[in-house]
Chemist: 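Please find one structure pasted underneath; my questions will follow.
Just so you know, ligand 1 is whichever comes first in the structure, and atom 1 is the first atom listed for that ligand.
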Amino acid sequence: MYHVRAPLPATFYPSWIPGFPQNENRFDLIRITTDDGVDGWAAGPAMGREREAMGYLIAPYVIGEDPTDIPTMQQRLREMSYLGLRNWWVEPAFWDIKGKLANQSICELLGGTPRRIKLYASTGEVKRAEERIEEAEARYEEGFRCIKLRVHAFDEKEDIDQVVRTAKAIGDKMKIGVDANQAWRVAAIADAPRWDLARAKRFADVCADAGVAWLEEPLPMDEYDALAELAAYSTVPISGGEIHTGGLPELKMMIERRCYDIFQPDAVFTGGIAQTFEIAGLCRQHGLQYTPHTWTNGFGFAANLQLMAASGFADDKELEYPLDPPGWVPSARDAVLLRPFVHDRGELEFPTGPGLGFEIDRAALRRYGKRVFIMDKKRLVGFALRDRGFKAAREIDAHRRARRSGRPSA
Ligand SMILES: [Mg+2]
């Protein structure tokens, strides 16, 4: 495991953490290597060094297992989560290995066909109407035909002003989405506005009049009744669902209750690629739509890109493309990837590599990453002896060996 701190070219102020000057793209990276030397990679966004010891939880569960056996890997990750530590971010690494061994993209493993993907420019900072219009014009010139705005004002008149004026300026040539980031409110640094159903309904009406294509996360993520009421009320599609770490069971319930019109589960959080693919399928069955959240880092983007291509929704929906220059740009977002996912006129050529489709920039990883944990079969023996004692370690080992050989153990 590596802790990566890649500097941003300029300070970035994410609307979802008011008051936070973000100067780094920070994440934890896991590299899982098979006996034959095939590497699988995955990453989870980090605030600080909170995952540094997590290898001690993950490694004993997965070392010695078959990484291509996704149901078993899902079960191991589920077992790790029982005491509250959820590690779905690790799961794409197993798919990466599976794809590399089969020389196929994950999209193909899921039965899909690699394809060019339409993107929407996902802004991150809050801006006033004049700056927002300028920004949207810049994205339009670059080829984007869809953009997502952020609203985050205490006074809803400011939010309305931004959306109405931006829609008036560019609405005839660009599709517009609006993200209120109310699902997981963060008020740890500066205070953050808190919407209720009445404000969400008023704002949905404004969005409808302005011709907005979707309204994202207008209410807390677990206010299921209010979300379902709002989705039924609003003529503008309501979207959300990005960080439901309960995965498939939680999102299945929300799909059945029609909490959103467009579901945006992010595989990094919502049960990995396997559960998120099923969630996309359920959306189709229920006549709802799917397009994943991707705003973590290049590794998360890669995993959700594969899902989008395989989902069957890529004809109708654009995929989120996090972009907010000068701070949040592809080179920093996709730090330590050899070839960042750079758009071509608002679309993305599907990566040609197997698995997750990227290669690691080893020099960049050395520069920005610090290895914080390493474990292999040999080290695991030593660790178990030190950590559990000889007798317990021997018993555990005997059960594992017996199980792998298919013999029953006492
Ligand atoms: Mg969002």
Chemist: For residues Asp39 and Thr33, is any side-chain donor paired with an opposing acceptor at under 3.5 Å?
Modeler: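 The criterion, which ignores hydrogens and geometry beyond distance, is satisfied for Thr33 and Asp39.
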Chemist: What I'd like to find out is whether the side chain of Pro218 reaches to under 4.5 Å of the side chain of Gln182, using heavy atoms alone.
Modeler: no
Chemist: Within less than 2.8 Å, report the number of protein N/O/S atoms around the Mg ion (ligand 1).
Modeler: 3
Chemist: With no hydrogens and no angle check, do the side chains of Arg333 and Asn25 hold a donor and an acceptor under 3.5 Å apart?
Modeler: no
Chemist: Under 6.0 Å between ring centres: does that hold for Phe269 and Trp88?
Modeler: no
Chemist: Using the benzene-type ring in the case of Trp, are the ring centres of Phe27 and Trp89 under 6.0 Å apart?
Modeler: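 No, too far apart.
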Chemist: Would you check if the distance from the ring center of Tyr321 to the ring center of Phe341 is below 6.0 Å?
Modeler: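 For Tyr321 and Phe341, the ring centres are not under 6.0 Å apart.
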